[in-house]
Number of protein chains: 2
Amino acid sequence: MDSQMIAEQLLNHGIKPSYPRLQIYKYLYMKRNHPTVDIIYNSLVKEMPTLSKTTVYNTLNLFIDAHLVTSLNLDENEKRYEIIIHDHSHFKCENCGNIYDIPYENIQLLPEGFEDFQVNEVQIFLGGICPHCKK
Amino acid sequence: MDSQMIAEQLLNHGIKPSYPRLQIYKYLYMKRNHPTVDIIYNSLVKEMPTLSKTTVYNTLNLFIDAHLVTSLNLDENEKRYEIIIHDHSHFKCENCGNIYDIPYENIQLLPEGFEDFQVNEVQIFLGGICPHCKK
DNA sequence: GTATCTGCAAAACATTTGCAATTCT
DNA sequence: AGAATTGCAAATGTTTTGCAGATAC
């Protein structure tokens, strides 16, 4: 996906595609690495020396309000962010700290007697040891 | 469950059952309401005027280390705590903010090709509208 | 030229830490 | 007395906010 298409995605969600916004969205789109604000900032500040963390925060919150991005609380003090993609859970390795996307389908989350709950959002977090660290 | 049994549970996990510890554990055990530190503190300080939030924090972390309690990040800034109970997810109503325990069983979380991940911990968060608010 | 966007500095929180006072045995 | 526990005050770290300067159309 090139910058032109990313700009269109932002415009489609009512967001003016300024340069910082394009770069932050592009970062999330290309890397898919569930970054923290710090990770995004440190990566982009190399190419945008005047970038501030405030702008990263503001932009991410803008994306969240526009339902382009979601934030994850993976059991630490700081939030992580990712482009909204449906039907996958997050596996965090206790050993190496890596975060993996795990797809799922057709999970029955509401048992009998709970059908009246209207589910709009699902977040599944898994903790354990990843294949790489098990060897 | 009375104080005597709670004291035994703490002792079984290597925790000396001081009065604040008993009260905090009892609160979690009886209420089952996924409280924040603030909620616990404000509830208990009525009966224990000298209680401090530091003690609530310290005690909860002690319980977590002993695997008696777990903390939840339900998408806000502050953590919530609950007695460890297996195989249930948390549903938070977008409207009233209530948190519900939803039981589940035999959910297949790892699809084909991901069997090498060793899952030690599962947290499922659901957001939406509860039956009470749908009416 | 006006509205929007950016970014510095300060504020606002939740949580942790250092350490002295208290409590328990 | 000695060891563990408690709690105040200060520190820490993330995220938000106020506002002035910069940018875009």
Side-chain angles (χ1 to χ4, degrees), chain A residues 3 6-7 10-11 13-28 34-66 68-82 97, chain B residues 3 6-7 10-11 13-28 34-66 68-82 97:
Chain A
S3 297
I6 289 178
L10 295 186
L11 279 168
H13 286 77
I15 294 171
K16 201 179 291 183
S18 72
Y19 188 70
R21 288 170 179 176
L22 277 173
Q23 293 309 109
I24 292 170
Y25 192 78
K26 198 171 179 178
Y27 181 90
L28 289 170
H34 321 87
T36 62
V37 163
D38 242 64
I39 292 171
I40 298 172
Y41 172 78
N42 286 317
S43 174
L44 296 183
V45 76
K46 296 170 195 159
E47 307 294 326
M48 307 170 62
T50 70
L51 182 67
S52 75
K53 277 190 192 174
T54 302
T55 296
V56 179
Y57 276 110
N58 290 342
T59 303
L60 289 169
N61 286 335
L62 190 71
F63 290 167
I64 288 172
D65 290 345
L68 278 166
V69 163
T70 189
S71 73
L72 310 171
N73 285 114
L74 298 183
D75 222 12
E76 298 130 60
N77 0 346
E78 52 187 348
K79 290 179 183 165
R80 292 175 176 273
Y81 299 84
E82 70 170 0
Chain B
S3 298
I6 289 177
L10 296 185
L11 279 169
H13 286 78
I15 294 170
K16 200 180 292 183
S18 71
Y19 188 70
R21 289 170 179 175
L22 277 173
Q23 293 309 109
I24 292 170
Y25 192 78
K26 197 170 177 178
Y27 181 90
L28 290 170
H34 320 88
T36 61
V37 163
D38 242 63
I39 292 172
I40 298 171
Y41 172 78
N42 286 318
S43 174
L44 296 183
V45 76
K46 296 170 195 159
E47 307 293 326
M48 306 170 62
T50 69
L51 182 67
S52 76
K53 277 190 192 174
T54 302
T55 297
V56 179
Y57 277 110
N58 289 342
T59 302
L60 288 169
N61 286 334
L62 190 71
F63 290 167
I64 288 171
D65 290 345
L68 277 167
V69 164
T70 189
S71 73
L72 310 170
N73 286 114
L74 298 183
D75 222 11
E76 298 130 59
N77 1 346
E78 53 187 348
K79 290 179 184 166
R80 293 176 175 273
Y81 298 84
E82 69 169 2

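Sequence lines set the chain letters: A, B, ... in the order given, protein chains first and strands last, and positions in each chain run from 1. These values consider heavy atoms only, across backbone and side chains, with no hydrogens, waters or symmetry-generated copies.
B:Lys53 meets the side chain to side chain donor-acceptor pair (under 3.5 Å) test with B:Asp38; sequence neighbours excluded.
Checking the phosphate oxygens (OP1, OP2) of C:dG7, a side-chain nitrogen or oxygen of A:Thr55 falls inside 4.0 Å.
A heavy-atom distance below 4.5 Å is not found between the side chains of B:Ile6 and B:Pro17. Between B:Lys79 and B:Asn73 the shortest side-chain heavy-atom distance falls below 4.5 Å.
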Verdict with supporting geometry, A:Tyr25 and A:Thr59, side chain to side chain contact (heavy atoms under 4.5 Å, CB included): CA-CA 9 Å; A:Tyr25 192 78; A:Thr59 303; over 6 Å; no
Audit row: A:Ile15, A:Leu68, side chain to side chain contact (heavy atoms under 4.5 Å, CB included) steps and yes/no: CA-CA 10 Å; A:Ile15 294 171; A:Leu68 278 166; 3.9 Å; yes
Verdict with reasoning, A:Lys16 to A:Leu10, per side chain to side chain contact (heavy atoms under 4.5 Å, CB included): CA-CA 7 Å; A:Lys16 201 179 291 183; A:Leu10 295 186; over 6 Å; no
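Checked against B:Leu44 for a side chain to side chain contact (heavy atoms under 4.5 Å, CB included), the options B:Ile24, B:Thr55, B:Ile39, B:Val56 give a single hit: B:Ile24.
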Nucleic acid footprint by protein, nucleotides 10-25 of chain C - heavy-atom cut-off 4.0 Å, B for base, S for sugar-phosphate alone: ----SBBB--------
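You can see that DNA chain D meets the heavy atoms of chain A within a 4.0 Å-exclusive cut from D:dT14 to D:dT17, reading 5' to 3'.
The interatomic distance linking A:Arg21 (CZ) with C:dT6 (C1') rounds to 9 Å, in whole Å. Atom C1' of nucleotide C:dC5 and atom CG of A:Leu62 are separated by 10 Å, given to the nearest angstrom.
In terms of heavy-atom proximity, A:Tyr81 sits nearest to A:Val37 at CE1-CG2, 3.7 Å.
Contacts of B:Thr50 with the nucleic acid, taken as non-hydrogen atoms under 4.0 Å apart, involve only primed sugar atoms and P, OP1 or OP2.
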